[in-house]
Amino acid sequence: MSEFKLVSEPFLDSNQAAAILRIHPKTLQRLARCGRVTGYRVGKLWRFHASDLEGRHDSFSSTLDSDTAERYALSTTCVRN
């Protein structure tokens, strides 16, 4: 019989997650709303897992400074229906 282990990872708030990506928290929320970053909406708040952000750090901050990353995120916002 195989044993199943459930490991829960703590959630990060928008400020903590944005600090990891080196972008503004509102930019991170916008990216999550569009589905470009995995985030979870809890009421009015956004929550993120650090493991979901691991691969994103390189794509946002190593090639772009934070101002450029923010402008890029604003220019590629999702279309609202």
Side-chain angles (χ1 to χ4, degrees):
M1 179 184 253
S2 64
E3 185 176 326
F4 182 104
K5 228 182 201 183
L6 180 64
V7 178
S8 65
E9 180 181 359
F11 280 107
L12 304 173
D13 64 22
S14 296
N15 292 328
Q16 295 166 326
I20 291 171
L21 297 177
R22 298 181 184 165
I23 60 175
H24 194 275
K26 291 292 184 182
T27 302
L28 177 61
Q29 293 169 7
R30 191 176 301 111
L31 293 170
R33 199 171 20 258
C34 294
R36 298 194 56 218
V37 173
T38 303
Y40 307 93
R41 189 83 187 242
V42 182
K44 293 182 178 182
L45 306 174
W46 281 96
R47 297 293 183 243
F48 304 88
H49 284 298
S51 61
D52 292 334
L53 304 174
E54 285 175 358
R56 299 290 183 172
H57 183 271
D58 295 333
S59 65
F60 288 125
S61 64
S62 66
T63 57
L64 305 171
D65 61 35
S66 62
D67 292 334
T68 307
E70 231 175 300
R71 284 194 301 272
Y72 173 76
L74 289 172
S75 69
T76 58
T77 56
C78 58
V79 177
R80 294 182 188 227
N81 293 332

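- For the atom pair Phe48 CZ and Asp13 CG, the distance stands at 9.0 Å (nearest 0.5 Å).
- Rounding to the nearest 0.5 Å places CG of Leu28 at 14.5 Å from CZ of Arg22.
- Exactly one residue among Leu21, Ile23, Thr38 makes a side-chain contact (heavy atoms from CB on, under 4.5 Å) with Leu31. That residue is Ile23.
- Under the 3.5 Å distance criterion, the side-chain polar atoms of Arg41 are matched with a main-chain donor or acceptor of Gly43.
- Note that CD of Glu9 and CG of Asp52 are 7.0 Å apart. Values are rounded to the nearest 0.5 Å.
- One finds the CG atom of Leu12 at 5.0 Å from the CD1 atom of Ile20 (value rounded to the nearest 0.5 Å).
- Counting only distance, with no hydrogens or angles, the side chain of His49 and the backbone of Ser51 share no donor-acceptor pair below 3.5 Å.
- Across every non-hydrogen atom of Phe11 and Gln16, the tightest pair is O-OE1, 4.4 Å.
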